[in-house]
Structure formats: structure tokens, C-alpha cells
Amino acid sequence: MLKAVILIGGPQKGTRFRPLSLELPKPLFPVAGFPIIYHHIEACIQIPDIKEVILIGAYQPSEALNRFISSTQRELNISLRYLQEYTTLGTAGGLYHFRDQILAGKPEAFFVFNGDTCCDFPLTEMWNFHQQVHSGEHFTMLATEATRKQSLQYGCLVENEDSHEVLHYVEKPQTFVSTTINCGLYLLTPEIFTHIGAVFLQNQADIFNGGDYINPVRDCIRLEQDILSPLAGSKKLFVYKTNRFWSQIKSAGSAIYANRLYLSLYHTTHPERLATANDNGPTIIGDVFIHPSARVDPTATLGPNVTIGAGATVGPGVRVRESLVLEGATLQDHCCILHSIIGWNSSVGAWSRVEGTANDPNPNNKHAKIDSNTLFSEEGKLNPSITILGRNVVIPSEVIVLNSIVLPHKDLRYSIKNQILL
Amino acid sequence: MKALILVGGYGTRLRPLTLSAPKPLVEFCNKPMLLHQVEALAQVGVKEIVLAVSYRAEQLEKELKAQEKKLGIKITMSHEEEPLGTAGPLALAKSILSADSEPFFVLNSDISCEFPFQQMVDFHKSHRQEGTIVVTKVEEPSKYGVVVYDDKGKIERFVEKPSVFVSNKINAGMYIFNPAILDRIELRPTSIEKEIFPVMAKAGQLYAMELSGFWMDVGQPKDFLTGMCMYLSNQKQRFPERLYNGQGVNGNVLVDPTAKIGKNCRIGPNVVIGPDVVIEDGVCIKRSTILKGTTIKSHSWIESSIIGWRCQVGQWVRMENVCVLGEDVIVKDELYINGGRILPHKSIGTSVTEPQIIM
């Protein structure tokens, strides 16, 4: 029996995803029509041995989270639970805190996912690889190739190319170590808790040996730095490398990129989810997902890489390209939406133009990743980004909203360019 | 009666339109700019018009030959070897202008207004002096040179960019003179406003006639559009039947009968659509001029722009902030053009988000 754990973080995390994470935990943000972690869970059900998926995070239970859990359990027919940390415990600390829950039913191993990734998860391949390694108790992590420059923003590892053992692991190095980077997906066995437990006890002992009593992070244990780094070179940590698509979802801009990746994956996994052109429907270019409850006028043109959420209305002559239109949004006649995210229940008036600037990885380098740009440049100027309308934003007719971020519940009256509108 | 129109140089202020056609032939409200004046002159009985140009313009000459026949007047070109300013051309055309003793008109070529030519003749004859200039009221006189005159119209002086209020009337660029004025002008580059008028005013020979109604110098794109709005609202009052009242029209709109307008469009207020223009479905156009033979594809939105001849504007294009497209420009689908001046025969494939000239 296997299990899977998805680390969904907490409200202190995912700030770069604002304003979209202001009202909804980032892991529940819909990409290609489904919440980010729904794609993780869908990957899990491909392995029948996975009997349970556990979400660990520091979010307060919310209606959105409860609804997600109950509907996903029902749709995917899998046991799904949320375990809430009493404080942010770090990636390994959370696992350790809930070790009894994870080990209940005696799984022989369990996958651990970082919740803010998108990937064509090679779970079966990873499981097969893990079983083929004969090295006693051992753990497996997923890795991919990055560019030399971008590797510094990730966890970098060096492997023995024959045995695939991880010889060295370092998180976000300052100087170049390796172009092989950690994908934030691990296959662990119950033995991991011995290693985390040792670190836990050491940390506790340190506190009483002249350490800092008041420091609130005393329970925090990081999987990467505190556990994996020491395990490297001990013949216990192995790497399975993939060249399937993988990306982090940090900034809101990366949601559009993730949307594109998952839509392209639907060609093999769920072709029925991709809209097809027909006589009574809108013009479809490339990959488009339209929720069955959305109303799209037949004179609209959508795509490529567009997702239209539940209950959204797309009016006559509307154009949408490289964008996400979230649940309940309304696009009025002839408006044009490019490289943007239209928030829940927002509306865009007739002949208006909502346009952002794409932030895609260099298409000429297959190992390039999306840059999680900061909002402002070093000169203090707002970097051109995708345009984001928060929940319930109203854009009037005939204006342009260019490279801007509009916070929720704003009733805009005029055109804006390169602004953050509070 | 005769008239001299100061056409001048290449019309650089109206580029990129004037790269393809001489300025007098650029259509303002579906009629070449020059023809507005020429027709109004013909109506008050002017029989001979001299065009003072400082460049060879064969296209202009050819076009005017056709108009000569139609209107039954004689049009001569007076070519300057070097630019002669605003007075020099009068000296150059002296032989024509002084052929009889009748007063003659002198006009700047970029003016749009309800031309008061008959009124000018009557006023000029009533005061019996050498010259009459038309003046028009402006809101911010400190930007211009203003004219100070008594209640009979006799001009006392001209004040350039006054810092305190002395008058709100400025020279409207339309004059009527007796041939005697020609004795004051030598054949060399001379400014009529700066060198001739002050002397005439001093001698008590220059009168001002106030223009009622709209007036605009339409020699550059921004003012061209403002002048267009004024012209259309004037047409609405005088000849409402000339304006278009088809479906989807909003406010004052002039549409050539050969133009085609699609479904679900919103055209206007203040739009001029030229001959053979095709406006596809779902297009919104406001405060703009679309010149002959251009196609605007579906769902585009255009405001405060001048689209030149035979252009192709793609679907879901947004243009605003005084864009000027030269002849035969192609704007690809889904682009945003903000204040772009685009030279002729150019194909635009990426958005122009800040005002700039595209060579």
C-alpha cells in the first residue's frame, strides 16, 4: 500500500500569488479548469496502490477547502484528508508531526508533493525506479534539468550517473553546483521519520543548551536543507530524472504558463476536456478548456491556451488568448483579453481591452524555466507582467487595462497602464 | 474677383498623410482640404485662383485641372523658387492680382470654418480702406498674437503672446486686399503678419472683421480631428441631410455612399468615413477619419485617429490618442496602437504602447 502527501503551505506563503491568493488558498487556484492540487491528486489515482492522499498545511479550515475535499473525494473516489499544522512546521516538520496519521495502515512508502508545482508527474516511473534500486532502506526524489543560471534559484543536486545516488544536495546555492534541480516530489519510506526525528530531538536539545527559548521556529524542520542535504552521499538518497514538463507556480504569471502545460497534457490524459470547433460553438484556436456551465457566444474566438471557468459568460465577438477567465466572470461584446487573469465574478465592458505581457521561459532553451519576477525592477519601476483582475472587479466599456494588477472589488472608471490598483 | 491661397511647402505637420498626397488634396470631411475653400470662393463669384506653392506638385496640378472645368474658374500655380513666407507670394503673383482694380482674397490653406467670403467683400467695401483681415475669438489669447481694434473694426495694433489681457481676437488667416497693397511688398521672403500688417495698421488702412461660428487651423493631426468635430456639428445645423443616419450611428457622422458598414457596429460621435471603406461587424469608431479604400476588420475599436488610404486594420485592434496611419498601412490582428504615427506601406506586427513614429 502507498500513500501521498501534498504540502499545501499556509496563508503566510504564496504572497507572490496575490491578489489571487487573498481570498482562496493558492493550492486551490484553478489551472486548466481544476485546482492546482487536483492535478496532483489525479496523478495519484493512476497508481491503484495509493490508497490515501493527505493534505498538510497551516490554512484554517475554510468552506473552499472543505468543498474541495468532499467533491474531490467523490469525483476521484479516493480517501482525501486535510491535516492542519498548529503553526508553520516546515516541509519535514509537518510530515513528522503527522507521522502516525501517515503511517496508519502501514504504507510501504509514500509520495510527498510540494503543492506549488505543476508537472506531468511520472509517478509510476518513479515507483518502478525506486523498487529497482537495491540499497536497503532508501528514498527517491524527482529532478529535472535547468539552465546554468536558473539552477541557482532551486535545490541543486549532483548524482552518481551509474547508480543514480545523490552525492551532494544544496538548496539555492550562490555559486553554480549543478544543472540538475529538485522538483519537489519525493518518494519516502517510513524510515524517513528516524532521520527527521533525530533532527527534531537535536533541535529540542539545542534549545535547552543555551538556545533561544523564545524563537518560534523551534519546531520548524525543512526537508531540503535539514534532511536531504545530510542524506546526500549516504547511499540512502536516489534521484529519478525526468524531462517531462515541470514548473513551479510562484507568481500569478506562472498560472498562465501552468495552464498552458496542463492543457497540452490533456491531449493524452483527458482529450474530452479540450474544446473542439463545431458549427454552433465559438471559434477555437489551439488548446482551450470551457467549463460545461460557461456560456460562450458562437461569435467569440478563444485560444490558444485559454480556460473559461464555471458559470462564466463570454459575449458576442469576444476574443480571449493566453488567459484564464475565472468562475462567474462576464466578458461583454467585442472585448479583447490577452495574457490576463480575469478574477471571479469580474466583468469587462464592451470593446474594452485587458492585456498583459507574457512572462514565458525562453522557448529556445528546453531547460529554461519561468522566472518568478519580482513586481518591481531594481530601479523601482513596475515590471511589465500579465494583467490580473481580482475578484469582483468591474472594467467599464471601451477602456484599456495594460500590464496592471487590480485588487478585488474595484470599480474601475478609466484606462490604466502599468499600475497596481489598490 | 481673384484669390490667392497660401499653400506653401510639403505640409510636414500633417505627415505621414502628406507623404502620399500634397496637403491640399488630403480629404478633410470627405473633400480635399483645398476644395472646401475653392468651392466657397467660386460661390461668391471668384473667377481666378492662384495657388502659391513652394514645391513642384504635378499631382496637385492635375487634380486642379479637373476642378477648373467643374467649377468654371481658372486655377494657376505660382511656384516659388525659395519659400517666400506669407507676403512674398503676393509679389510673385503681382501681374495676376493687379490686372484690375478689384480687391482680392488671400487665404491660409489650412483653415476650416464657415467661409464668410461675401460678408468680407461687403465689409471691405464699407470701410473703403486697403485691407480687411478676419479675426476669430479664442479662449486662451496668451498663446497667440492678438489683434486690438476699435468698435468700427479699425486695427490699432498687434500684440504677440500678450501676458495681460488686451484682446481675445486672433488673426484667422483670411484677408481681402485692394491691389494697392502690392506696392508695400517686395519680392523676397516676407511675413505679412509681422512686416506688412503693422505698417498698414499704423496708416489706418487695416480693418478687422469678426468671424461668427467655428474656426480651426487643421494643419496638424490633433487639430484636424478637432476641426472635423466642429465641421460636422456645423453640417448638422446647416445640412442635417448630409449626415449619415444608418443603424448603429451615434451623433454626427459623415459616410460616403460607397462605404460599407457591418452589423453591430457603433460609429460616432464625430466620424468621417470615406469612399470604398469597409467597416466589418462589431466595430466601434469615435472621433476619427477613415480615408478612402480602407478596411477595418471586426471588433476593432478606434478613437481619435486618422486612418490613411487603403489601410488594413485587423480584428480586435485598439487605436487611440491621435494615431495617424499613412497610405497602405497594415495593422495585424489584436494589436494596440497608442498615438502611433505610421509611415506609408508599413506592416505593423507588434503593439505600439507609447506614442511614437514608426518608420
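Residue numbering restarts at 1 for every chain, and letters A, B, ... go by the order of the sequence lines.
Using a 4.5 Å cut-off on side-chain heavy atoms (C-beta onward), A:His334 and B:Trp301 make no contact. Considering only heavy atoms from C-beta on, A:Cys335 stays 4.5 Å or farther from B:His299 through its side chain.
Heavy-atom pairs under 4.5 Å with chain A peak, among B:Gly282, B:Ser351, B:Ser298, at B:Gly282. Of all the listed residues (A:Asp333, A:Val399, A:Asn403), the one sharing the greatest number of non-hydrogen pairs under 4.5 Å with chain B is A:Val399. Note on B:Leu335, B:Asp333, B:Thr353, B:Asn338: by heavy-atom pairs under 4.5 Å with chain A, the leading option is B:Leu335. When each of A:Cys336, A:Pro316, A:Gly317 is checked for heavy-atom pairs under 4.5 Å with chain B, A:Gly317 comes out on top.
With a 4.5 Å cut-off on non-hydrogen atoms, A:Ile400 touches chain B through its backbone and its side chain both. Of the two parts of B:Glu334, the backbone and the side chain both hold a non-hydrogen atom closer than 4.5 Å to a non-hydrogen atom of chain A. At a 4.5 Å heavy-atom cutoff, A:Thr357 makes no contact with chain B through either its backbone or its side chain.
More than 12 heavy-atom neighbours from other residues, nucleotides or ligands sit within 6.0 angstrom of NZ on A:Lys417. Sparse packing is recorded around OH of A:Tyr414, with 12 or fewer heavy atoms of other residues, nucleotides or ligands lying under 6.0 Å away. Counted within 6.0 Å of CG on A:Asp411, heavy atoms from surrounding residues, nucleotides or ligands total more than 12; the atom is thus considered enclosed. Environment of CD in B:Gln247: sparse, with no more than 12 heavy atoms of neighbouring residues, nucleotides or ligands closer than 6.0 Å. Under a cut-off of 6.0 angstrom, the local environment of NZ in B:Lys137 is sparse, with at most 12 non-hydrogen atoms contributed by other residues, nucleotides or ligands. Other residues, nucleotides and ligands place no more than 12 heavy atoms under 6.0 Å from the CD atom of B:Glu139.
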For this session: Mind running salt bridge (Lys or Arg N to Asp or Glu O under 4.0 Å) on B:Arg318 and A:Glu398 for me, showing each step along the way?
Result: CA-CA 9 Å; B:Arg318 180 185 179 96; A:Glu398 301 181 41; over 6 Å; no
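Here the side chain of A:Trp351 pairs no donor or acceptor atom with the backbone of B:Trp316 at under 3.5 angstrom.
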